[in-house]
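Working notes for the structure below.
Below, all heavy atoms of this structure are taken into account, side chains as well, without hydrogens, waters or symmetry copies.
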Amino acid sequence: MEFILGQLSELEDITYRSMMGEFIIYYRGKIVGGIYDDRLLVKAVKSAISYMPSAPYELPYEGAKEMLLVDEVDTTE
């Protein structure tokens with residue numbers, strides 16, 4: 001989580017909450033994604049899909065909606 005927070009440090013108003021062993025990430029008070037089983041997943045909204053059109057969809061946990069996998073976490077872009 002600390003690494004991802006460092007990567008997102010250029011954005012203002014990033015917060016997170018620990019929930020059942022995972023981390024939910026908020027941007028300006030809205031849920032945008034989270035860390036699930038050591039994977040950074042973001043909500044599959046139009047802006048995220050257009051920015052990452054080839055990102056694979058994955059389930060954060062059983063019964064949840066699919067989210068976009070961010071597999072390039074080594075760059076702040």
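- When every heavy atom of Gln7 is checked against every heavy atom of Val73, the shortest pair comes out as NE2-O, 2.7 Å.
- Nearest approach of Asp37 to Glu22, heavy atoms of both residues: N-OE1, 3.0 Å.
- In terms of heavy atoms, Ile35 sits closest to Leu40 at CD1-CD1, 3.9 Å.
- Hydrophobic cluster membership is shared by Val42 and Leu11, with clusters built from Ile, Leu, Val, Met, Phe, Trp and Tyr side chains linked at under 4.5 angstrom.
- Between the CZ atom in Phe3 and the CG atom in Leu8 there is a gap of 10.0 Å [rounded to 0.5 Å].
- Scanning all heavy atoms of the two residues, the minimum distance from Met67 to Lys43 falls at CE-N, 3.6 Å.
- Put simply, Leu68 and Tyr27 are part of the same group of oily side chains (I, L, V, M, F, W, Y) that touch within less than 4.5 Å, one to the next.
- By the criterion of side-chain heavy atoms lying less than 4.5 angstrom apart, applied directly or through intervening Ile, Leu, Val, Met, Phe, Trp or Tyr residues, Ile4 is grouped together with Phe23 in one hydrophobic cluster.
- The environment of CD in Glu66 is crowded: more than 12 heavy-atom neighbours from other residues, nucleotides or ligands sit within 6.0 Å.
- Hydrophobic clustering (side-chain heavy atoms under 4.5 Å, transitive across Ile, Leu, Val, Met, Phe, Trp, Tyr) groups Tyr61 together with Met19.
- The CE atom of Met1 sits 4.0 Å away from the CD1 atom of Ile25 when rounded to the nearest 0.5 Å.
- Side-chain heavy atoms closer than 4.5 Å link hydrophobic residues (I, L, V, M, F, W, Y) into clusters, and following such links, even through other members, never connects Ile14 to Tyr26.
- Taking each heavy atom of Arg39 and Leu59 in turn, the nearest pair found is NH2-O, 3.1 Å.
- The heavy-atom pair separating Tyr36 from Leu41 by the smallest distance is CD1-CD1, 3.7 Å.
- Rounding to the nearest 0.5 Å gives a distance of 11.0 Å between OG1 of Thr15 and CD1 of Ile24.
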